[in-house]
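Comments concern the structure below.
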2 protein chains.
Amino acid sequence: MVDRPAAQTRSQSIAETLRARILRGDYAAGERMQEVPLAEDLAVSRTPVREALRSLAEDGLLEYAANRGYRVREFTARDIQIAFRARAAMEGLGARLLAERRLTEDEKHELAAILERGDALLADGSYRADDFSAWRRMNRDFHVALLRMADSSLLEKIARDAQTIPIVNQGAFHWYSDADFRHSHYHHHMIVHAINAGDGERAEWWMKEHVNLAGKTVLARQQQADL
Amino acid sequence: MVDRPAAQTRSQSIAETLRARILRGDYAAGERMQEVPLAEDLAVSRTPVREALRSLAEDGLLEYAANRGYRVREFTARDIQIAFRARAAMEGLGARLLAERRLTEDEKHELAAILERGDALLADGSYRADDFSAWRRMNRDFHVALLRMADSSLLEKIARDAQTIPIVNQGAFHWYSDADFRHSHYHHHMIVHAINAGDGERAEWWMKEHVNLAGKTVLARQQQADL
DNA sequence: GCGGGCCTGATTGTATGCAAGTTTGCCCAC
DNA sequence: GTGGGCAAACTTGCATACAATCAGGCCCGC
């Protein structure tokens with residue numbers, strides 16, 4: 001039998017729904033997530049809700065205390081900062097692994113295609129169009145592709161973990177300046193270049209720099225916004 | 001109300017039991033973990049077993065497919081290698097954070113005490129006693145203390161994740177030579193020294209070196225053993 | 001007035017039954 | 001003998017009932 005796309009259970013779709021809501025900020029930090037109200041809201045029984053809550057807690061989005069249930073976790077600026085640095089370290093390691101093993105031709109083409117998409121967006125200025133969605137897709141595709149090519153479930157899981165902290169994953173591009181976009185994509189080019197050249201050291205360095213700079217930009221702008 | 005040590009539910013203790021069994025190798029890689037047999041074995045109903053299995057799957061110890069249940073994950077030598085490198089990156093980041101913020105006097109004393117314990121074990125040769133248990137405790141205390149002082153739930157979680165892969169966590173000291181023990185503890189000293197000196201760069205470098213070398217030692221010896 | 005203990009309502013933890021999906025193997029056509 | 005399809009057995013997913021634990025308020029003694 002061939003592996004199918006994996007049917008989705010109710011628990012899983014509930015977990016997705018709740019994850020999206022939390023990251024979107026629908027629930028206040030520290031708010032209780034109770035089984036019965038959520039079950040009624042979603043029109044299911046407590047069982048799948050319980051399982052979803054457990055998943056989210058393992059992801060680090062909720063806090064759990066035995067017999068006392070789940071609460072939405074709070075994230076400090078320091079949490080966000082560390083999450084960016086952790087993500088930088090993990091994706092940096094991924095880039096180094098890729099440089100060490102050399103890419104296949106197909107993989108090179110895939111990355112080149114993503115880079116071209118970015119080039120095109122920058123050239124005609126359309127990266128600023130409708131909520132940056134095209135840029136956001138390009139950026140996500142780039143990072144996801146590299147992580148996938150690194151082909152390590154642990155690395156993917158860890159990188160995902162670092163992104164369960166709000167802001168760290170979304171790419172808060174609304175805070176980016178024109179130069180920020182250009183620099184960011186320049187990094188993408190340098191990362192791919194180093195990987196293709198088989199230079200693990202430089203691939204890791206550029207990726208770390210790329211993610212860390214994104215973190216600094218976002219944090220700085222966010223703190224301004226909070227004033 | 002004061003925070004209590006957190007009561008343990010059945011789900012949690014079952015998860016612990018199963019985690020220990022898996023890491024110990026009681027179940028073959030790829031083996032199915034079915035709810036009913038496990039529930040009967042542990043003399044509970046399927047519910048807490050289900051929740052435990054879900055936790056272990058989130059940890060990456062089991063693989064899950066909807067409607068098809070859970071299987072024990074397989075780990076390749078490559079997985080182990082990457083896990084060590086990921087752990088090196090994370091604990092390295094932790095060490096750097098500590099160096100950047102400077103330790104309190106209490107924290108300095110705590111680390112100094114652990115270093116002394118290691119010194120003493122090396123001096124009288126007792127690190128080789130009964131299954132290296134004293135050495136293992138000292139080593140664990142060292143790494144756990146640093147992670148705790150770094151005070152980031154994300155970092156702790158990620159480091160823990162990297163350790164859910166067999167061998168990566170246990171400290172396979174039975175493969176260590178005398179020199180390996182001495183070098184390992186020398187690293188501990190250098191890490192603490194760099195942290196106390198506020199030198200984040202060096203603290204990170206030594207920690208990464210320390211974990212990476214441990215990984216190389218273990219992998220090399222293990223592959224010999226597998227022949 | 002204040003602190004401690006108890007009782008009650010609310011909430012989570014576990015057990016169990018039924019529904020839905022998956023796997024196995026048998027049978028039959030070719 | 002081989003492959004497809006069907007059906008039965010098995011396994012997991014979900015709902016619900018009941019048990020255990022927790023939080024808050026009340027009463028009582030001091």
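Scope of the values below: all heavy atoms of this structure, side chains included, with no hydrogens, waters or symmetry mates.
Put simply, the residue from B:Leu61, B:Val49, B:Leu53, B:Leu56 that forms a side-chain contact (heavy atoms from CB on, under 4.5 Å) with B:Met33 is B:Leu53.
Spacing between atom CZ of B:Arg54 and atom P of D:dT12 amounts to 13 Å, rounded to whole angstrom units. As a whole-Å value, the separation of A:Arg71 CZ from C:dT11 P is 12 Å. What separates CD of B:Gln8 from C1' of D:dA20 is a distance of 16 Å, to the nearest Å. The interatomic distance linking A:Asn67 (CG) with D:dT21 (P) rounds to 7 Å, in whole Å. When the C1' atom of D:dC18 is taken as reference, atom CZ of B:Arg10 falls 13 Å away, rounded to whole Å. One atom, CZ of A:Arg68, and another, C1' of D:dA23, lie 10 Å apart when rounded to the nearest Å.
Ring geometry for A:Tyr70 versus A:Tyr64: interplanar angle of 30 to 60°, hence tilted.
Proximity of residues 30-41 of chain A to DNA chain D (heavy atom under 4.0 angstrom from any strand atom) is not detected for any residue. Using a 4.0 Å cutoff on non-hydrogen atoms, the parts of residues 42-52 of chain B near DNA chain C are B:Val44, B:Ser45, B:Arg46, B:Thr47, B:Pro48, ordered by number.
Close to C:dT14, at under 4.0 Å from its OP1 or OP2, lies a side-chain N or O of B:Ser11. Proximity of B:Tyr64 to the phosphate of D:dG13: a side-chain N or O atom is located under 4.0 Å from OP1 or OP2.
A donor-acceptor pair under 3.5 Å is absent between the side-chain atoms of B:Asn139 and the main chain of B:Trp135, judged by distance alone.
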